[in-house]
Amino acid sequence: MTGQWTSRSRAKITALGTYVPQKVLSNDDLEKLVDTSNEWIVQRTGVRERRIAADDEFTSDLCIKAIEDMLRRYPISLHDVDLILVASITPDHTFPSVASIIQDHFDIPATAALDISAACAGFVSALQLADGMITSGMHKKVLVLGGETLSKVTDYSDRSTCILFGDGAGAVLVEHANDGAFIRSSSVTCGKAGIHLYRSGLSPRIANQPIAANGYIVQNGKEVFKLAVNTLVREIPALLNASGHALADVDWFVPHSANLRIVEAVCEKLHFPFERTLFSAEYYGNTSSASIPLAIRMGLDRGAIRQGDTLLLAGFGGGFVYASTLLRWTV
Ligand code: UT7
């Protein structure tokens with residue numbers, strides 16, 4: 001499946017909030033759990049620390065705190081939100097959805113609420129849906145979240161995965177606006193590659209091949225690395241060309257923060273200056289659908305992103321799925 005469109009957007013982001021749990025899991029801590037070293041992890045992934053949810057803290061709790069952060073920072077109301085979209089591969093339950101839990105917590109009176117599953121492309125996919133729903137006239141005010149408690153599905157005896165993942169959440173409000181800020185979006189899926197990165201659910205097979213049905217994240221790191229780099233290097237120029245933009249027009253490239261080496265390889269191949277990328281995994285690890293809002297928050301906090309800047313967001317991950325959006329920053 002592949003798709004690309006210009007939405008003549010009638011939507012823009014009006015607020016952003018984030019949250020990460022208190023507990024820090026450092027590379028030194030991991031040295032005590034598996035046969036690894038701080039040097040190896042930093043050199044191969046760029047990750048130094050990750051945040052870990054408490055035993056009784058779940059994805060909905062992290063999302064609620066990200067929304068509370070957003071409410072503290074901006075003069076907004078959730079009362080008239082009419083769609084809640086939560087991107088997560090670690091929802092509290094299969095159902096009820098995290099979105100339903102959020103509706104109840106904030107007592108939002110008249111809203112649709114659903115979770116979407118697009119792994120590390122989840123946040124960008126949810127943003128694309130929000131833009132599409134608002135631009136079509138179906139919804140006016142959409143609460144979009146990317147939230148994960150990946151530590152609960154990480155095998156801390158598997159050194160090839162436990163070094164990567166962490167927990168966190170990000171929330172944005174997307175509202176109807178005549179000066180819509182979503183410039184162009186694209187998405188592409190390669191279902192054949194699903195076997196390379198998964199967490200088992202009900203079936204013990206993917207594409208007729210047996211899988212480890214242990215409920216933990218399983219990945220073929222090398223294949224995921226190659227898929228990620230090749231997809232980004234192919235799809236980003238296609239999106240920019242189709243929108244009449246060049247890489248030089250992008251103020252900030254915000255790819256999913258999976259692994260610093262992936263981002264470096266993509267920048268090198270595209271001749272894009274690495275200094276204009278935002279990356280959240282150094283201190284938060286790979287937080288899947290939360291990694292892009294966390295990176296944007298970091299960019300805002302250090303005064304890097306300014307209103308009117310052009311951002312290129314690109315999510316990619318288990319599926320294998322990819323979703324990117326070029327937008328004007330309006331917060
Ligand atoms: O959101 C998407 C999520 N997934 C990703 O982004 C994953 C993308 N892939 C990666 O990040 C990298 O493939 C990894 C970081 C997972 C692994 O790095 P690599 O450079 O591809 O290492 P490798 O799998 O080729 O392994 C090289 C060596 C192996 O030892 P031998 O066979 O050469 O003796 C591994 O056993 O490194 C060993 N190794 C480790 N050594 C120390 C694997 N994990 C570790 C470790 N510490 N944590």
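First listed ligand is number 1; within each ligand, the first listed atom is number 1.
- Although no hydrogens or angles enter the test, the distance criterion places a donor-acceptor pair under 3.5 Å between the side chain of Lys141 and the main chain of Ser77.
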Between ligand 1 and the protein, find all N/O pairs closer than 3.5 Å and give the distance for each.
| residue | atom | partner | partner atom | Å |
| --- | --- | --- | --- | --- |
| ligand 1 | 1 (O) | His256 | NE2 | 2.9 |
| ligand 1 | 1 (O) | Asn286 | ND2 | 3.0 |
| ligand 1 | 4 (N) | Gln219 | OE1 | 2.8 |
| ligand 1 | 9 (N) | Gly221 | O | 3.0 |
| ligand 1 | 11 (O) | Asn259 | ND2 | 2.6 |
| ligand 1 | 13 (O) | Gly221 | O | 3.3 |
| ligand 1 | 20 (O) | Arg44 | NH1 | 2.7 |
| ligand 1 | 20 (O) | Arg261 | NH1 | 3.4 |
| ligand 1 | 21 (O) | Lys222 | NZ | 3.4 |
| ligand 1 | 22 (O) | Arg44 | NH1 | 3.3 |
| ligand 1 | 25 (O) | Lys222 | NZ | 2.6 |
| ligand 1 | 36 (O) | Arg159 | NH2 | 2.9 |
| ligand 1 | 41 (N) | Trp40 | NE1 | 3.4 |
| ligand 1 | 41 (N) | Arg159 | NH1 | 3.4 |
| ligand 1 | 47 (N) | Thr36 | OG1 | 2.7 |
| ligand 1 | 48 (N) | Thr36 | OG1 | 3.1 |
| ligand 1 | 48 (N) | Arg159 | O | 2.9 |

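- What you find for Trp329 and Ile305 is that their closest heavy atoms are CD1-CG2, 3.5 Å.
- Among all heavy-atom pairs drawn from Ser200 and Ile211, the shortest one is CB-CD1, 3.8 Å.
- Within the 4.5 Å cutoff, no side-chain heavy atoms of Asp131 are placed close to those of Val142.
- Residues Leu150 and Ile89 have side chains in contact (heavy-atom distance under 4.5 Å, counting atoms from C-beta outward).
- Applying the ring pair (Phe, Tyr, Trp, His ring centres under 6.0 Å) test to every pair with at least one member in residues 222-273, sequence neighbours left out, gives these pairs: Phe253-Phe272, His256-Phe316.
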